[in-house]
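These notes are about the structure you will find just below.
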2 protein chains.
Amino acid sequence: MIRILLADDEHLIRGAMAALLSLEDDLEVVAQAATGAEALATARVVRPDVAVIDLQMPDLDGVSVAQSLAAELPSCSTMIVTSHGRPGHLKRALAAGVRGFLPKTVSSDVLATVVRTVHTGGRYVDPALAAEAISAGDSPLTPREADVLELALEGAPIDEIARRASLSPGTVRNYLSSAVGKTGASNRHEAARVARARGWI
Amino acid sequence: MIRILLADDEHLIRGAMAALLSLEDDLEVVAQAATGAEALATARVVRPDVAVIDLQMPDLDGVSVAQSLAAELPSCSTMIVTSHGRPGHLKRALAAGVRGFLPKTVSSDVLATVVRTVHTGGRYVDPALAAEAISAGDSPLTPREADVLELALEGAPIDEIARRASLSPGTVRNYLSSAVGKTGASNRHEAARVARARGWI
DNA sequence: CCGCCCTCATGACATCTGTCATGAGGAACT
DNA sequence: AGTTCCTCATGACAGATGTCATGAGGGCGG
């Protein structure tokens, strides 16, 4: 019997997934959590075999949870399910020791199969997401460029970005100009969108 | 027995919700769809009592589907479930004749209860979402301002917005300037974000 | 019929942004 | 020690953007 921890902030989805996994004879949902912190706390107590975690949760995101879990409970395999599969997330997740990565568009059979796969030490990444991640390529942005671009996401003017990054406005403009060139965009707002879509920030 | 049509592009969620609703004695999921168009086509054939529709789907969004359903199948009550509850969506949904509006954070009991409620002619809107919608207030934007601001969402330069809206660049700047004032933002990109957050576009 | 508002436009002006050249200081690698 | 890259900065310039004044035309309610 594979003992599963389920974490998802959407109660409806979580309950439904639990119902669905419980239909399988060899799977058992032993705990549920609605936030990242809750998931960690619960995992420490129940020590599940597999953790199925939603990528986006109110507090910690799924990758952070996975990272902590990998460190604290090496016997527990972590897999992530998500609605919005961005290439950057996949990379960060794999780096964090995640064994499975699935979009929520897969069928329940696949979910159950992957739970079994990661439990026996295997890995599984959704083929479509993997292809996207590969085609997106590595980020050409330097760390600082990425920082600044991230601050530009909300549409703030340069002066505010400069204050928040503790840089001079001129420097911010240089980084943004460089980032705009690398993304092929025509201004920083578009560049920020492109970079996010490719998982670079 | 209440006959239900379920539409959600996320296979996993849809299957799970179906499993969950089927646990109720008086509910029966008679059809499922993965896109808006599919939902409409299926509804015409199976004529369900209640349609449970996800707000965000690849092609038509949930509100458009609801609108068509209300016109074509008045006997079918429509309710919408969503991950991202923006006030604007709620307003549009109610205007389209939707009877129930729920975030996916609710429990399965609530879902089942609301299905029964809308089937008997009642209405149900999640209290938290309703409060948000009320506090967000009515949009101060004129229709044209909203159009232009929407085109600005992706960060396009003014000239492109002007082309896409078939306006002169000068006019676009006037509308945007006005919208920036009304949203209290410091540039059009921030204004677009604010307006979207408040459900104005 | 007369305001009032929305739509669309133009011109002028100040400011904000994007781009480029240039340079100092530091870390990493050879 | 030398090379290369990143970080951070300044100054200058062109072009994009935000703001304001102004006006023509149309629809709608009083």
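Order of the sequence lines sets the chain letters (A, B, ...), proteins ahead of strands, with each chain counted from 1.
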Problem - Partner residues of Ser64(A) under the side-chain contact (heavy atoms from CB on, under 4.5 Å) criterion, sequence neighbours left out - result: Leu60(A), Asp61(A)

Practice task
Could you identify which residues of residues 182-190 of chain A place a heavy atom less than 4.0 Å from some atom of DNA chain C, listed by residue number, or say none?
Solution key: Asn187(A), Arg188(A)

Exercise for the section: Could you tell me which residues satisfy side-chain contact (heavy atoms from CB on, under 4.5 Å) with Val125(B), sequence neighbours excluded, listed by chain and number? Expected result: Leu90(B), Leu94(B), Phe101(B), Ala130(B)

Handout entry: By salt bridge (charged side-chain N to carboxylate O under 4.0 Å, His left out) - contacts of Glu72(B) (at least two apart)
Key = Arg44(B)

Exercise for the section: Would you please name every residue forming a side-chain contact (heavy atoms from CB on, under 4.5 Å) with Ala18(B), sequence neighbours left out? Expected result: Leu6(B), Val29(B), Gln32(B)

Exercise for the section: Taking only the side-chain nitrogens and oxygens of Ser168(B), find out if one of them lies under 4.0 Å from OP1 or OP2 of dC8(C). Expected result: no

Problem - Nucleic acid contacts of residues 142-162 of chain A, taken as heavy-atom distances under 4.0 Å to DNA chain C - result: Pro157(A), Ile158(A)

Side-chain donor-acceptor contacts of residues 50-59 of chain A below 3.5 Å, not counting sequence neighbours, with atom names and distances?
unit_1: Asp54(A); atom_1: OD1; unit_2: Lys104(A); atom_2: NZ; d: 3.4
unit_1: Gln56(A); atom_1: OE1; unit_2: Thr82(A); atom_2: OG1; d: 3.1
unit_1: Asp59(A); atom_1: OD1; unit_2: Gly36(A); atom_2: N; d: 2.8
unit_1: Asp59(A); atom_1: OD2; unit_2: Gly36(A); atom_2: N; d: 3.4
unit_1: Asp59(A); atom_1: OD2; unit_2: Ala37(A); atom_2: N; d: 2.9

Exercise for the section: Could you pull out all residues at least two apart from Arg196(A) that satisfy salt bridge (charged side-chain N to carboxylate O under 4.0 Å, His left out)? Expected result: none

Handout entry: Stretch residues 173-181 of chain B: residues that reach within less than 4.0 Å of DNA chain C through a heavy atom
Key = Asn174(B), Tyr175(B)

Please tabulate, one pair per line, all N/O donor-acceptor pairs under 3.5 Å involving side-chain atoms of residues 143-160 of chain B, not counting sequence neighbours.
unit_1: Arg144(B); atom_1: NH1; unit_2: Asp147(B); atom_2: OD2; d: 3.0
unit_1: Arg144(B); atom_1: NH2; unit_2: Ala165(B); atom_2: O; d: 3.4
unit_1: Glu145(B); atom_1: OE1; unit_2: Thr142(B); atom_2: N; d: 3.0
unit_1: Glu145(B); atom_1: OE1; unit_2: Lys182(B); atom_2: NZ; d: 2.8
unit_1: Glu145(B); atom_1: OE2; unit_2: Ser178(B); atom_2: OG; d: 2.7
unit_1: Glu145(B); atom_1: OE2; unit_2: Lys182(B); atom_2: NZ; d: 3.3
unit_1: Glu154(B); atom_1: OE1; unit_2: Arg164(B); atom_2: NH2; d: 3.2

Handout entry: Relative orientation of the end axes in the helix from dC1(C)-dG30(D) to dT30(C)-dA1(D), expressed as an angle to the nearest 10° (five pairs per end)
Key = 40°

Handout entry: side-chain contact (heavy atoms from CB on, under 4.5 Å) involving Gln67(B) - partner list, sequence neighbours excluded
Key = Ala96(B)

Practice task
Please confirm whether the backbone N or O of Leu167(A) pairs with a side-chain atom of Thr171(A), one donor and one acceptor, at under 3.5 Å?
Solution key: no

Handout entry: Distance-only side-chain donor-acceptor flag, Glu10(A) / Ser83(B), under 3.5 Å
Key = yes

Practice task
Give the minimum heavy-atom separation between Thr120(A) and Thr117(A), together with the two atoms involved.
Solution key: OG1-O, 2.9 Å

Practice task
Kindly give the heavy-atom pair with the smallest separation between Leu69(B) and Ala43(B), and that separation in Å.
Solution key: CD2-CB, 3.6 Å

